[in-house]
Amino acid sequence: MTRTVWPMLSIVLVVFGGSAAALDVVSDPIAVWDDDVYNRVTDVVYNPQHDEYLILFHNIRAVSSDIYARRVASDGTVLSWFAVVAGAGEKHIDAQASYCPTQDEYLVVWTRQQDTGTKDDVLARTVFWNGSSMGPIFSVVADADHQRAPDVAYNQFDDEYLVVYHNHWGGGLEDVAAQRIRASDGAFLSWANIATGSVDRHYPHVAYFAETNSFLIAYTLDQKGIYAKVASANLAGVSVAPEIVIRFDPGLPGLVISFPLGVAAGPGGYLVAWQEKSSFTSVRARRVNPAGEPLGPADGFLVSDSMSAWSWGDTVGASSGLYGNFVLAWAADLPTFDDVEGAVVGPDADVVSAGPLIVSNEAHNQTSPALDCAASGACMVAYADDDDQGTQTDFEVRARLFRPVVFSDRFETGNLSPWSSSVP
C-alpha cells in the first residue's frame with residue numbers, strides 16, 4: 001500500500017531521537033459551505049464506521065443563529081448537509097458532538113441563548129450518521145440563569161455520553177457540572193457538580209480515556225489559569241476529588257488564558273492545549289497522565305509563538321491521530337491575515353515534533369479552526385474563511401486534510417527524494 005504525497009512545500013520535516021516526523025498537507029482547501037452570512041466552525045468529528053468527518057458550524061442571520069452540519073468523506077469529497085436546529089428568533093451556538101458506533105449516531109449538544117438575555121440552556125439531540133433522521137431536541141439542563149458552552153465525549157465501555165457545561169448563576173458565580181446520558185435510550189444517569197469556588201470555573205472541555213474508563217475535564221479559572229479533574233465513568237467522588245493545576249502562575253499578573261481549550265486523549269494519557277497572553281502571545285500544551293498527574297514544566301511547553309496579537313476567543317483544536325501522536329490546530333494572528341497553523345506533539349515527549357505548519361494561508365482571514373483525526377489516517381481541520389477580505393458578516397466554511405507522518409531511520413539524512421511521490 002502506498003500513500004501519495006503532495007508537493008514538497010507542504011511538508012515540514014523534523015528529525016529527532018532516531019526517527020523523523022512531519023506534517024503533510026494533503027488537500028487543497030475544501031469548500032464546505034458558501035453563502036452570504038457569517039459562519040463559525042465549532043466542531044469536527046471523525047466517524048470511523050463510515051470513514052468520514054462531520055463538520056458543525058453555526059450560521060448567523062439577522063433573526064436567528066442556526067446550527068448546520070456537513071459530511072465530508074475522508075478523501076475530501078463533500079457530501080450531504082443538514083440543519084441540526086433552526087429557529088427564527090432564537091440563537092443556537094457552540095455545537096459539539098460525539099459519535100456512538102453502537103447506535104450509529106451522534107449526540108450533538110449546544111447552547112440556546114434566549115432573546116431576553118436572562119437565560120441560556122444546554123440542548124441536545126441525536127443525529128443518525130448521515131443526517132437522514134434526528135431525535136427530538138431535549139434539554140440537558142434548563143435551570144435558572146445561564147448554562148453554557150457544553151462539550152461531550154462518548155464512553156465506549158458503558159455505551160454512554162458525558163456532557164459537561166458551565167453554570168453562570170444570577171449572583172455571578174460560575175461553576176462546572178456534568179451529566180451522563182445513556183446512548184441506547186437517552187436516559188439521564190448520574191449528575192455531578194464538578195468544580196466550584198469563589199473564583200469562577202468555566203468553559204469545560206472533556207476527553208475520554210478508554211484504558212482507565214475515565215475522563216479528563218479541563219476548564220479555565222477565570223481566564224487566569226487552567227484546572228482539571230479526572231472523573232470515573234460513573235462520576236463517583238468527582239465533586240470532592242482534588243483539582244489538578246494545569247497552568248497557574250500568580251506571579252504573572254498579565255497572564256490571560258483563552259477559554260476554548262483543546263483537550264485530547266492518546267495512548268499515554270491526556271494533552272491540554274491553550275493560547276495564553278503574558279509577556280507575549282503563545283500556544284502552549286501540557287500532558288496529564290491517566291492518574292491525573294500533570295507532567296513536564298508547570299507552564300507547559302511551547303507549541304508556537306507566532307501570534308502577533310491576542311483574542312480571548314481564539315481556540316486550539318486538539319485530537320489524537322496517527323501513531324498515537326497528538327495533533328493541534330489554531331488561528332495565528334499574523335501581521336497581514338489570520339492563518340490556521342498546525343503541529344504534531346509526539347505521544348510521550350513534552351516537545352513539538354513537527355510544526356508549526358501553516359495549514360491554511362490565503363490572502364484573507366481564516367479563523368476558528370476545529371479538527372479531528374482518524375486513528376490510522378488523515379486529520380481534517382475546518383475553519384471560517386473571510387474570502388470577501390474584511391466583510392465581517394460573510395465568513396464561509398473551508399477545510400483541509402493533513403496528517404502526521406513518522407519516518408524510519410533511513411530518512412534521517414533529510415533526503416526526501418525516496419518518498420517524493422509515495423511512501424511505502
Side-chain angles (χ1 to χ4, degrees), residues 29-45 53-72 78 80-97 106 108-125 127 131 134 137 139-140 146-152 165-166 168 202-203 258-260 311-317 329-331 333 337-340 360 362 364-371 381-399:
I30 301 163
V32 175
W33 186 261
D34 286 297
D35 59 16
D36 58 355
V37 303
Y38 178 81
N39 298 277
R40 183 178 181 276
V41 176
T42 59
D43 203 8
V44 177
V45 182
Y53 299 86
L54 186 74
I55 298 174
L56 292 169
F57 55 100
H58 64 241
N59 180 270
I60 301 176
R61 300 179 178 271
V63 294
S64 65
S65 176
D66 304 327
I67 294 171
Y68 290 178
R70 182 124 225 177
R71 299 165 50 229
V72 180
V78 178
S80 65
W81 75 274
F82 52 90
V84 176
V85 59
E90 292 188 336
K91 295 181 179 180
H92 304 269
I93 61 171
D94 297 336
Q96 300 286 303
Y106 303 90
V108 183
V109 298
W110 69 90
T111 303
R112 179 182 62 187
Q113 294 181 329
Q114 304 283 24
D115 278 345
T116 61
T118 60
K119 192 177 189 303
D120 299 320
D121 300 322
V122 174
L123 304 183
R125 79 185 315 175
V127 176
M134 289 180 256
I137 295 174
S139 296
V140 175
H146 304 280
Q147 292 80 46
R148 297 173 173 152
D151 194 16
V152 58
Y165 59 93
H166 87 250
H168 186 179
H202 48 197
Y203 299 101
S258 176
F259 57 72
S311 172
W312 55 264
D314 283 344
T315 185
V316 178
W330 62 91
D333 191 358
F337 299 101
D338 292 347
D339 297 325
V340 174
S360 179
E362 307 290 339
H364 36 80
N365 291 319
Q366 297 93 52
T367 63
S368 69
L371 87 158
V381 58
Y383 50 91
D385 187 285
D386 178 22
D387 61 3
D388 281 349
Q389 300 186 31
T391 305
Q392 295 300 310
T393 57
D394 186 7
F395 274 74
E396 319 303 345
V397 178
R398 298 287 184 265

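The figures that follow rest on heavy atoms only: side chains count, while hydrogens, waters and symmetry mates do not. Residue numbers run from 1 in the order of the sequence given.
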Worksheet item: Can you tell me how far the CG atom of N39 sits from the CD1 atom of I55, to the nearest 0.5 Å?
Response: 12.0 Å
Item to complete: Work out which heavy atom in V32 is nearest to a heavy atom in A399; give both atom names and the distance.
Response: CG2-CB, 3.8 Å
Fill in: Heavy-atom closest pair, residues A384 and V41
N-CG2, 3.9 Å
Worksheet item: Between CH2 of W110 and CG of L56, what distance do you get to the nearest 0.5 Å?
Response: 10.0 Å
Item to complete: First locate atom CZ of R112, then atom NZ of K91, and finally report the distance between them rounded to the nearest 0.5 Å.
Response: 14.0 Å
Worksheet item: Heavy-atom distance under 4.5 Å between the side chains of P369 and T315, does that happen here?
Response: yes
Worksheet item: Less than 4.0 Å between a side-chain N and a carboxylate O, is that true for R398 and D34?
Response: yes
Worksheet item: Sub-3.5 Å donor-acceptor pair from the side chain of D35 to the main-chain atoms of V37, do we have one?
Response: yes
Worksheet item: Taking R70 for the side chain and L54 for the main chain, is one N or O donor matched with an acceptor at less than 3.5 Å?
Response: no
Item to complete: Drop me the distance from H166's NE2 to D151's CG, to the nearest 0.5 angstrom.
Response: 13.0 Å
Worksheet item: Going by atom types alone, do R148 and T111 pair a side-chain donor with an acceptor below 3.5 Å?
Response: no
Worksheet, complete the sentence: Here the gap from D394 atom CG to I60 atom CD1, rounded to the nearest 0.5 Å, amounts to 12.0 Å
Worksheet, complete the sentence: When every non-hydrogen atom of A97 is compared with those of V45, the smallest separation belongs to O-CG2, 3.4 Å
Item to complete: Tell me, with the steps shown, if F57 and D43 meet side-chain contact (heavy atoms from CB on, under 4.5 Å).
Response: CA-CA 7 Å; F57 55 100; D43 203 8; over 6 Å; no
Worksheet entry | Pairwise side-chain contact, Y383 with V397, heavy-atom cut-off 4.5 Å (strictly under) | no
Discussion item. side-chain contact (heavy atoms from CB on, under 4.5 Å) for I137 and V85? Distances and angles first, verdict last.
Written reply: CA-CA 8 Å; I137 295 174; V85 59; 3.7 Å; yes
Worksheet item: When you measure from the side chain of Q96 to the backbone N and O of T42, does any donor-acceptor pair fall under 3.5 Å?
Response: yes
Worksheet item: Ignoring hydrogens and geometry, is there a side-chain-to-backbone donor-acceptor pair from S65 to H92 under 3.5 Å?
Response: yes
Item to complete: Examine the side chains of N59 and D66 and answer whether a donor and an acceptor come within less than 3.5 Å of each other.
Response: no
Worksheet item: What is the distance from atom CZ of R40 to atom CG of D94, rounded to the nearest 0.5 Å?
Response: 6.0 Å
Worksheet item: What class does the angle between the rings of W33 and W81 fall in, given that below 30° is parallel, 30 to 60° is tilted and above 60° is perpendicular?
Response: perpendicular
Worksheet item: Parallel, tilted or perpendicular: which describes the rings of H58 and Y38, with under 30° parallel and over 60° perpendicular?
Response: tilted
